[in-house]
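I have placed the structure first, in the form of structure tokens, so that the comments after it can refer back to it.
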There are 2 protein chains.
Amino acid sequence: MLNYSTSEENYIKAIYHLQQQDGLVTTNELAAELKAKPASITDMMKKLKAKKLLHYEPYQGFSLSNEGKKVALGIIRRHRLWEYFLAEKLKFTWDEVHEVAEHLEHVSNKKLIDKLDEFLGFPRVDPHGDPIPDEDGKIEASRQVCLPDLPLNKAAIVSHVSDQSSAILELLKHKNIGIGTKLEVKKKFSFDNSMEVKAGRQPVFTISEQLAKNIFVKYGA
Amino acid sequence: MLNYSTSEENYIKAIYHLQQQDGLVTTNELAAELKAKPASITDMMKKLKAKKLLHYEPYQGFSLSNEGKKVALGIIRRHRLWEYFLAEKLKFTWDEVHEVAEHLEHVSNKKLIDKLDEFLGFPRVDPHGDPIPDEDGKIEASRQVCLPDLPLNKAAIVSHVSDQSSAILELLKHKNIGIGTKLEVKKKFSFDNSMEVKAGRQPVFTISEQLAKNIFVKYGA
DNA sequence: ATATTTTTTTAGACAAATCTAAACTATTGC
DNA sequence: GCAATAGTTTAGATTTGTCTAAAAAAATAT
């Protein structure tokens with residue numbers, strides 16, 4: 001695997017994320033994502049095409065080649081491992097990790113990343129619940145579901161709360177649940193659809209169906 | 001503290017190291033150190049002078065200003081903390097850490113570095129025995145002495161072995177002592193000048209005067 | 001279906017960091 | 001003390017990544 005500049009890596013990563021949703025990515029879309037001018041995008045697309053990292057015909061949009069996807073997954077692997085390290089070891093909060101990881105991800109040394117992975121205990125998801133690609137670029141599909149739909153004993157990360165009333169926020173705060181909290185459903189009761197959950201490092205406790213329906217979590221499939 | 005480019009940081013760091021030994025640094029010296037052409041050095045010196053990071057008059061050599069030294073110590077702090085992390089947490093060997101830290105050092109985020117420092121337990125020296133500047137840029141003088149001259153209970157790092165005979169190497173290997181090994185002298189016996197040492201994570205053991213004289217260690221004064 | 005609008009590309013400029021070759025300054029040897 | 005040598009700087013070119021303004025292509029609206 002060749003080395004790419006920080007700039008090239010940022011383009012590749014942005015295209016990867018955009019094409020997950022949209023299929024073909026357009027010049028303006030990418031310009032908005034990267035806060036650059038459309039002319040700069042076209043310039044870089046020519047360069048990445050010449051390096052066979054993407055498919056591109058003028059005016060037709062672009063998408064990563066298989067090689068480009070592999071490069072993107074390498075960058076995402078580095079980014080998410082560093083995010084995990086920052087949250088788990090350095091006690092950054094879930095919303096602080098992204099920005100710092102944006103810089104660390106560009107240090108591309110295979111041994112560094114594989115040893116970091118091992119040191120962290122081969123985590124499957126980052127602090128936002130997004131799956132971490134393995135050494136070979138394999139990545140689990142990311143699923144976002146509401147808590148009642150989460151399989152039993154599946155580790156997940158709180159990613160969203162649908163109801164934003166102060167009543168629910170008070171309750172979540174009291175139970176130490178917030179965006180980024182690790183969550184696992186241990187038991188479900190069919191009588192009232194309440195469930196026992198393990199949240200972060202707290203002992204198992206019970207939450208109601210009403211609450212569970214409003215908590216969304218992400219996990220690796 | 002402003003931000004500087006990777007390139008600027010590499011120049012600043014190199015000047016810092018060279019002027020430790022030489023006082024004024026010359027164009028050719030720095031060119032050799034950085035594997036760049038003398039013309040490139042002159043260009044950058046003008047730039048760094050404009051930023052008030054160094055004193056420079058054409059043909060007269062250059063040296064860091066106080067501000068320049070502060071910047072240099074910040075870079076060295078980052079470099080050595082990452083080296084410690086790589087050796088201590090990721091189990092890199094002492095001779096592998098430098099190259100990787102050369103890249104990590106350029107990620108300059110104060111919170112990251114201060115939290116890393118805390119996570120590592122505020123180490124005083126890196127895996128080569130060189131002292132790590134603190135948050136304010138204070139740095140202990142680095143001392144290199146042979147083992148009999150090391151103060152009792154002072155943590156130090158093996159940095160050099162003077163005799164390279166296979167006999168001494170065999171002995172050192174047997175005692176698990178090598179470059180980068182942490183060493184502490186626990187007790188000295190005046191009868192034969194033998195001493196009890198703690199090496200790495202091994203239990204305390206005894207070494208002879210002859211051996212001790214050939215082991216050089218570095219420590220923060 | 002064609003005129004208008006939007007999107008994309010091209011052309012040309014600029015800043016950062018590097019280089020080569022030539023010019024200049026300082027040092028050294030005799 | 002001056003010529004030869006060694007070291008340094010300048011001038012101009014190159015590469016990478018960005019930009020603005022203008023041109024070209026595609027999409028859209030009547």
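Only a predicted model underlies this, so the values are computations on that prediction, with no experimental measurement involved.
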State which residues pass side-chain hydrogen bond (donor to acceptor under 3.5 Å, both in side chains) with [X]; sequence neighbours excluded, sorted by chain then number.
X: B/Arg143; answer: none
X: A/Glu140; answer: A/Arg124
X: A/Ser108; answer: A/Asn3
X: B/Lys51; answer: B/Glu8

So, using side chain to side chain contact (heavy atoms under 4.5 Å, CB included) as the criterion, who are the partners of [X] when residues are at least two apart?
X: B/Ala87; result: B/Val97, B/Pro127
X: B/Phe122; result: B/Asp117, B/Glu118
X: B/Glu209; result: B/Asn193, B/Lys213

**Request:** Ignoring the backbone of B/Met44, work out which of D/dT10, C/dT18, D/dT8 is nearest its side chain.
**Result:** C/dT18
**Complete:** Regarding the side chain of A/Pro58, the nearest nucleotide among D/dT10, C/dT9, C/dT25 is C/dT9
In whole angstroms, how far is the [atom2] atom of [N] from the [atom1] atom of [X]?
X: B/Leu30; N: C/dT18; atom1: CG; atom2: P; answer: 11 Å
X: B/Phe62; N: D/dT9; atom1: CZ; atom2: C1'; answer: 12 Å
X: B/Asn10; N: C/dA16; atom1: CG; atom2: P; answer: 17 Å
X: B/Glu57; N: C/dT25; atom1: CD; atom2: C1'; answer: 15 Å
X: B/Gln60; N: C/dT25; atom1: CD; atom2: P; answer: 12 Å
X: B/Lys49; N: D/dT9; atom1: NZ; atom2: C1'; answer: 14 Å
X: A/Met45; N: C/dT9; atom1: CE; atom2: P; answer: 10 Å
X: B/Tyr59; N: D/dG7; atom1: OH; atom2: P; answer: 14 Å

**Request:** May I ask you to say whether A/Glu9 pairs ionically with A/Arg78, meaning some side-chain N is under 4.0 Å from a carboxylate O?
**Result:** yes
**Message:** Looking at A/Glu135 and A/Lys110, is any side-chain nitrogen of the basic one under 4.0 Å from a carboxylate oxygen of the acidic one?
**Reply:** yes
**Message:** Does C/dT6 have its OP1 or OP2 closer than 4.0 Å to a side-chain nitrogen or oxygen of A/Asn28?
**Reply:** no
**Asked** Do the side-chain N or O atoms of A/Lys46 get closer than 4.0 angstrom to the phosphate oxygens (OP1, OP2) of C/dT9?
**Response** no
Mind checking [X] for me? I need base, sugar-phosphate or nothing, with any heavy atom below 4.0 Å counting as a touch.
X: A/Ser7; result: sugar-phosphate
X: B/Thr27; result: sugar-phosphate
X: B/Tyr56; result: sugar-phosphate

**Asked** Heavy atom of residues 34-41 of chain A under 4.0 Å from DNA chain D: which residues?
**Response** A/Ala36, A/Lys37, A/Ala39, A/Ser40
**Message:** Need to verify one output field. Residue with the more 5' nearest nucleotide on DNA chain D, A/Tyr11 or B/Thr26?
**Reply:** B/Thr26
Restricting to nitrogen or oxygen on both sides, can you table the protein-nucleotides 2-4 of chain D pairs closer than 3.5 Å?
none

**Prompt:** Is there any side-chain hydrogen bond (donor to acceptor under 3.5 Å, both in side chains) pair reaching into residues 23-36 of chain B, and which pairs are they, with sequence neighbours excluded?
**Reply:** B/Thr26-B/Glu29
Below 3.5 Å between N/O atoms, which protein atoms pair up with nucleotides 12-16 of chain D? Just atom names and distances, please.
none

**Message:** Between B/Glu105 and B/Asn10, does the side-chain contact (heavy atoms from CB on, under 4.5 Å) criterion hold? Intermediate values first, please.
**Reply:** CA-CA 10 Å; B/Glu105 73 187 6; B/Asn10 285 333; 3.7 Å; yes
Donor-acceptor contacts, no H, no angles, side chain residues 14-21 of chain B, under 3.5 Å, sequence neighbours left out:
| from | atom 1 | to | atom 2 | distance (Å) |
| --- | --- | --- | --- | --- |
| B/Gln19 | OE1 | B/Leu64 | N | 2.9 |

